[in-house]
Every structure is written in structure tokens, then in C-alpha cells.
Engineer: 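Here it is: the structure, laid out below.
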Amino acid sequence: MTAKIVVVGSFNMDLTSYMPRMPRPGETLHGTRFQTGPGGKGSNQAVAAARLGADVTFVGRVGTDIFADNAFQIWNSENINTRYVIRDPENPTGVAPIWVEETTGQNAIVVILGANKVLSRQDIDSAAEAIARADILIAQLETDIDATAYALKLAKQSNVRTILNPAPAATLPDEMIANADILTPNETELEVLSRRTLDDIDAAARSLIRRDDQTVVVTLGAGGAQIVTSKNSINKPAIEVQPVDTTGAGDCFTGALAVALGEGKTLEEAVRFANTAAGICVTRPGTATSMPSRQEVDVLIPE
Ligand code: RIB
């Protein structure tokens with residue numbers, strides 16, 4: 001069964017510099033290489049889901065500049081439906097300068113959201129029909145929060161399962177959290193969203209749960225993912241890899257999770273699938289371009 005996924009989200013052009021270590025404030029450091037490529041949490045999740053075999057529709061805003069052309073290039077090459085993407089003449093396409101430390105694969109990112117920030121309720125309403133037909137709606141926090149919250153609400157009203165990747169870290173209105181069936185924060189995002197310290201991950205995750213059928217899946221990098229419900233907590237380990245660039249790994253995880261759930265897999269099976277996809281993603285440089293194919297994941301997925 002092919003999963004039908006709608007991603008409401010961002011596109012950014014990623015401007016990535018690789019370096020032996022992160023520079024300190026006031027320091028000039030020699031980098032080793034520079035790469036531009038398609039990114040943005042929403043678009044990365046859409047590309048991940050499409051490469052893993054889903055039927056994907058993207059809802060978002062880009063500018064009318066050359067970076068917007070790059071966005072359509074990748075979406076078209078991955079067969080992502082762009083009918084609900086608006087080219088905004090008044091705002092530039094989002095950009096994201098990224099630093100990647102080569103020794104660890106860790107990154108630091110600045111996002112300048114541009115057109116992503118003016119996604120509106122009206123834009124979501126135009127895509128209402130596609131949202132109602134989806135198996136899963138995915139959202140993140142690089143688009144206008146009111147419009148994003150509205151998309152989650154609309155999806156819930158149409159009985160569509162919702163996944164909110166609460167990234168970048170932010171605090172959110174209660175109703176928005178309640179309209180996410182599954183939340184996929186990393187540790188930093190969990191800390192900010194729950195307003196708690198992380199000495200007890202389960203307690204922090206549980207503080208986000210507003211109803212019994214909600215789940216928080218905390219992504220822990222090399223520590224795998226912690227599936228937390230109101231009653232249980234279980235860890236699913238990561239696959240062992242040598243990370244080269246961790247940028248986009250969380251996006252890969254969320255996109256893959258949506259695909260597996262949309263295909264009818266259980267949550268535990270879906271997390272195992274998503275861990276494997278994200279594990280492959282970190283072994284390659286770049287963001288959208290580092291998303292794995294279905295065949296690559298199927299070969300590596302542990303029994
Ligand atoms: O999650 C990685 C993404 O965060 C990058 O592609 C960058 O654009 C920022 O949105």
C-alpha cells in the first residue's frame with residue numbers, strides 16, 4: 001500500500017560549510033569545502049518520504065528567485081506534487097547557512113525563513129482537499145505557526161493522522177500540541193517545548209501528552225529513539241554508522257516514520273524503519289540529497 005502524505009512545510013536553500021571544528025565567537029577559521037543544496041525541514045521530509053515510496057504533496061511558499069527554481073527542480077525530480085506551492089513575489093526563498101564539523105558530523109544552523117514565514121491559513125485552505133485525502137499530514141515549525149497549527153487542526157477534523165516535528169525548538173500553544181498524534185522532538189526541542197530539564201526524558205515527553213492516543217517519539221541520535229506514550233516508554237536502537245554530516249537526519253526520521261505508518265506498519269516497526277533511514281542519511285554530506293532510497297533501507301533494516 002502506497003502512503004499518501006501531505007507535508008506542510010519549509011524549503012530553504014542550504015549553504016553548507018564543512019570545517020575541522022566549529023569556530024569560536026570572533027575567530028576566523030579555514031573551512032575545507034562549501035556546498036549549496038536543497039534543504040528546509042519540510043522539503044527534506046517530503047523528499048525522504050518520496051524516496052521511500054510515498055505519494056507526496058508539498059504545501060508551502062518560496063520566492064520568485066533562483067533558489068525557488070532549485071526547489072522545484074528537486075520536487076519535480078522526486079515526483080512530489082507541487083500544486084499547492086506558492087511562488088511569493090514579495091518574499092525571498094528561505095536560506096540556511098550551515099556549519100558542519102567534519103570530525104563528528106555535528107552541525108549548527110541559522111535559518112532565514114523568508115517566504116516560509118508568510119504561509120497563511122488561506123494557503124492551507126487551498127490544499128484542504130489534498131489534506132483530507134491524505135493518510136498522514138506532517139508539519140514542522142519553519143512555517144508561520146498560526147498557519148501550521150491550522151493545518152494540524154484541519155487534518156484532525158478530517159480524521160487524518162498528524163505528525164508534528166517540533167523543530168526548530170519552540171514553545172507552542174496547547175491546542176497545537178493536542179492536534180499532533182505523534183510529536184518527534186530531539187532532546188533540545190523536547191527541553192524547550194516541555195519547559196523541563198532532561199534528567200527524565202520520559203517525564204518531559206509525557207508532559208506533552210494531552211490525550212491517551214498521543215505518542216512522543218524522542219530522537220536521540222546514536223541513542224536511537226524513545227517511544228513514549230502515557231503508559232509506556234520503549235527505546236529502539238539506532239543502526240551503527242560513522243556519521244559524516246548529521247544535517248537532515250531528524251527530517252529523514254520524520255519522513256520515514258510517516259511512510260511506514262501510512263503503509264500500515266505498527267509504531268514500533270515504523271520507528272525501526274525510520275532509525276534505519278536516518279542512520280543511512282548521516283553517512284552522507286548534504287540534506288535533501290542525502291535521503292536514502294527504499295531499497296537501501298530495506299537492505300539494512302535489522303530483523
Ligand atoms: O533539518 C535540517 C534543515 O534545517 C536544513 O536543511 C536547513 O534548511 C534547516 O531548515
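Along the sequence shown, residues are numbered consecutively beginning with 1. Both counts, for ligands and for their atoms, begin at 1 and track the order of listing.
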Engineer: Using a 3.5 Å cut-off on N/O to N/O, what pairs does ligand 1 make with the protein? A line per pair would be great.
Structural biologist:
| residue | atom | partner | partner atom | Å |
| --- | --- | --- | --- | --- |
| ligand 1 | 1 (O) | K41 | NZ | 2.9 |
| ligand 1 | 1 (O) | D251 | OD2 | 2.7 |
| ligand 1 | 4 (O) | K41 | NZ | 3.0 |
| ligand 1 | 6 (O) | D14 | OD1 | 3.3 |
| ligand 1 | 6 (O) | D14 | OD2 | 2.6 |
| ligand 1 | 6 (O) | G40 | N | 3.0 |
| ligand 1 | 6 (O) | N44 | ND2 | 3.0 |
| ligand 1 | 8 (O) | N12 | ND2 | 3.1 |
| ligand 1 | 8 (O) | D14 | OD1 | 2.6 |
| ligand 1 | 8 (O) | G40 | N | 2.9 |
| ligand 1 | 10 (O) | N12 | ND2 | 3.0 |
| ligand 1 | 10 (O) | E142 | OE1 | 3.0 |
| ligand 1 | 10 (O) | E142 | OE2 | 2.5 |

Engineer: So, applying side-chain hydrogen bond (donor to acceptor under 3.5 Å, both in side chains) with N44, which one of D251, T289, N12, T247 is it?
Structural biologist: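 Of the listed residues D251, T289, N12, T247, the side-chain hydrogen bond (donor to acceptor under 3.5 Å, both in side chains) partner of N44 is D251.
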
Engineer: In terms of side-chain geometry, is the basic nitrogen of R272 or E268 positioned less than 4.0 Å from the acidic oxygen of its partner?
Structural biologist: no

Engineer: Salt-bridge test for E27 and R21: reply yes if a basic N is under 4.0 Å from a carboxylate O, no otherwise.
Structural biologist: yes

Engineer: Going by atom type alone, with no hydrogens or angles, which donor-acceptor pairs under 3.5 Å involve a side-chain atom of residues 151-161 and a protein atom two or more places apart or on another chain?
Structural biologist:
| residue | atom | partner | partner atom | Å |
| --- | --- | --- | --- | --- |
| K156 | NZ | D181 | OD1 | 3.2 |
| K156 | NZ | D181 | OD2 | 2.9 |
| S158 | OG | L154 | O | 3.2 |

Engineer: Which residue pairs pass the salt bridge (Lys or Arg N to Asp or Glu O under 4.0 Å) test with at least one member in residues 28-44, sequence neighbours excluded?
Structural biologist: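 Non-adjacent pairs meeting salt bridge (Lys or Arg N to Asp or Glu O under 4.0 Å): R33-E102.
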
Engineer: Apply ring-ring contact (aromatic ring centres under 6.0 Å, His included) to F58 and list each qualifying residue two or more places apart in sequence or on a separate chain.
Structural biologist: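 Once residues adjacent in sequence are excluded, the partners of F58 under the ring-ring contact (aromatic ring centres under 6.0 Å, His included) criterion are W75.
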
